[in-house]
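Dropping a structure here in structure tokens format, bear with me for questions.
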Amino acid sequence: KQEVTQIPAALSVPEGENLVLNCSFTDSAIYNLQWFRQDPGKGLTSLLLIQSSQREQTSGRLNASLDKSSGRSTLYIAASQPGDSATYLCAVSLYGNNRLAFGKGNQVVVIP
Amino acid sequence: GAVVSQHPSRVICKSGTSVKIECRSLDFQATTMFWYRQFPKKSLMLMATSNEGSKATYEQGVEKDKFLINHASLTLSTLTVTSAHPEDSSFYICSALGSGTKTQYFGPGTRLLVL
């Protein structure tokens with residue numbers, strides 16, 4: 001069974017600092033990995049999707065890396081802003097299976 | 001494109017009643033939809049996979065008679081919480097799988113409160 005772990009569970013950083021969020025998964029036979037953002041009481045917004053054959057994806061201030069063999073992904077958010085405050089969820093999709101396994105999330109607070 | 005809606009966004013009901021939640025793919029056809037449940041400060045837990053025209057596949061520990069899923073068309077799946085109890089109070093989120101892709105598009109969620 002795929003287990004997805006996100007560390008740290010919660011963190012607070014002053015505005016302008018870079019954010020580093022970690023995700024690990026136990027089964028490396030993944031099809032892709034996604035990072036989502038979730039605001040309180042809201043649904044999920046997809047941020048980045050990395051296919052298993054890729055090493056990283058970038059979108060604006062966000063960069064996500066994937067090391068499939070070691071079962072790890074890292075989401076970097078450069079020059080954090082108060083608007084980045086949210087919960088960030090990591091999810092992996094297994095080969096031959098469209099189901100997603102989610103981590104518990106990294107709850108981020110960016111202090112103005 | 002790839003918009004998924006859910007209705008209602010919030011619902012409060014009395015214990016013992018049934019509640020239906022709709023999940024619609026607005027601009028694409030989805031042969032497969034997924035239903036998740038999320039407890040406060042917890043991650044999403046997959047409840048079931050809904051395939052158009054066939055019975056849903058439920059995850060271990062999810063009561064299929066409690067959570068009825070119907071996927072009657074390529075753009076609509078419904079989740080009915082039958083005889084709701086306070087412990088069914090939760091945030092329910094659906095997602096739809098885009099045709100020919102492996103990408104799931106998520107709805108905005110439905111907050112259910114059972115009194």
Side-chain angles (χ1 to χ4, degrees), chain A residues 1-11 21-26 29-54 57 59 85-109, chain B residues 1-11 21 23-24 26 30-52 56-62 89-113:
Chain A
K1 180 185 174 185
Q2 180 72 271
E3 300 282 347
V4 181
T5 303
Q6 291 187 244
I7 296 173
L11 72 160
L21 308 178
N22 297 299
C23 171
S24 62
F25 45 95
T26 54
I30 64 168
Y31 185 79
N32 61 42
L33 181 145
Q34 278 187 273
W35 282 93
F36 294 89
R37 169 182 173 141
Q38 185 177 31
D39 292 289
K42 304 292 184 182
L44 274 64
T45 301
S46 180
L47 298 174
L48 291 167
L49 183 150
I50 312 176
Q51 300 291 353
S52 63
S53 58
Q54 297 175 322
Q57 280 285 342
S59 176
S85 299
T87 296
Y88 293 84
L89 295 165
C90 167
V92 296
S93 173
L94 297 177
Y95 263 105
N97 185 332
N98 293 316
R99 292 154 69 229
L100 290 177
F102 281 84
K104 292 184 178 179
N106 306 106
Q107 187 175 3
V108 172
V109 174
Chain B
V3 177
V4 176
S5 70
Q6 279 184 243
H7 179 80
S9 58
R10 302 172 67 95
V11 56
I21 303 170
C23 177
R24 292 181 185 273
L26 297 184
T31 54
T32 303
M33 291 184 173
F34 302 89
W35 286 96
Y36 296 86
R37 181 174 181 176
Q38 186 177 35
F39 292 101
K41 302 198 179 203
K42 300 290 184 184
S43 188
L44 276 73
M45 180 191 78
L46 179 64
M47 299 174 66
T49 302
S50 168
N51 295 298
E52 187 265 337
T57 304
Y58 289 80
E59 295 299 305
Q60 191 174 11
V62 179
S89 299
S90 192
F91 193 54
Y92 293 87
I93 303 178
C94 73
S95 70
L97 194 64
S99 298
T101 78
K102 295 286 188 179
T103 302
Q104 289 187 34
Y105 300 97
F106 284 80
T110 297
R111 174 76 59 192
L112 170 63
L113 176 61

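In what follows, chains carry the letters A, B, and so on, assigned in the order in which the sequence lines appear, proteins first and then strands, with residues in each chain numbered from 1.
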Quiz item: Who among S95(B), P108(B), G109(B) has the most heavy-atom pairs with chain A under 4.5 Å?
Solution: P108(B)
Self-check item: Distance, nearest 0.5 Å, that separates OH of Y105(B) from OG1 of T45(A)
Solution: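 Taking OH in Y105(B) and OG1 in T45(A), the distance rounds to 13.5 Å.
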Quiz item: In terms of heavy-atom pairs under 4.5 Å, which option from E59(B), R10(B), M45(B) contacts chain A the most?
Solution: E59(B)
Quiz item: Which one of T32(B), L44(B), I93(B) has the most heavy-atom pairs closer than 4.5 Å to chain A?
Solution: L44(B)
Quiz item: Do L100(A) and Y36(B) come within less than 4.5 Å of each other through their side chains, counting heavy atoms only?
Solution: yes
Practice problem: Starting at OG of S93(A), measure out to CD of Q104(B) and round the result to the nearest 0.5 Å. | Solution: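 Interatomic distance, S93(A) OG to Q104(B) CD, rounded to 0.5 Å: 7.0 Å.
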Quiz item: Looking at G107(B), P40(B), S43(B), which makes the most heavy-atom pairs under 4.5 Å with chain A?
Solution: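 The option with the most such pairs is S43(B).
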Quiz item: What part of Q6(B) is in contact with chain A, defined as an atom under 4.5 angstrom from a non-hydrogen atom: side chain, backbone, both or neither?
Solution: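 Contact with chain A is absent: no heavy atom of Q6(B) under 4.5 Å.
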Quiz item: Measuring from K104(A):NZ to Q38(B):CD, what's the distance to the nearest 0.5 Å?
Solution: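 Interatomic distance, K104(A) NZ to Q38(B) CD, rounded to 0.5 Å: 12.0 Å.
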Exercise. Let me know if L44(A) has heavy atoms under 4.5 Å from chain B in its side chain, its backbone, both or neither.
Key: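 Backbone plus side chain of L44(A), per the 4.5 Å heavy-atom cut-off to chain B.
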Quiz item: Among Q34(A), Q107(A), Q38(A), Q51(A), which has the most heavy-atom pairs under 4.5 Å with chain B?
Solution: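 Of Q34(A), Q107(A), Q38(A), Q51(A), Q38(A) has the most heavy-atom pairs under 4.5 Å with chain B.
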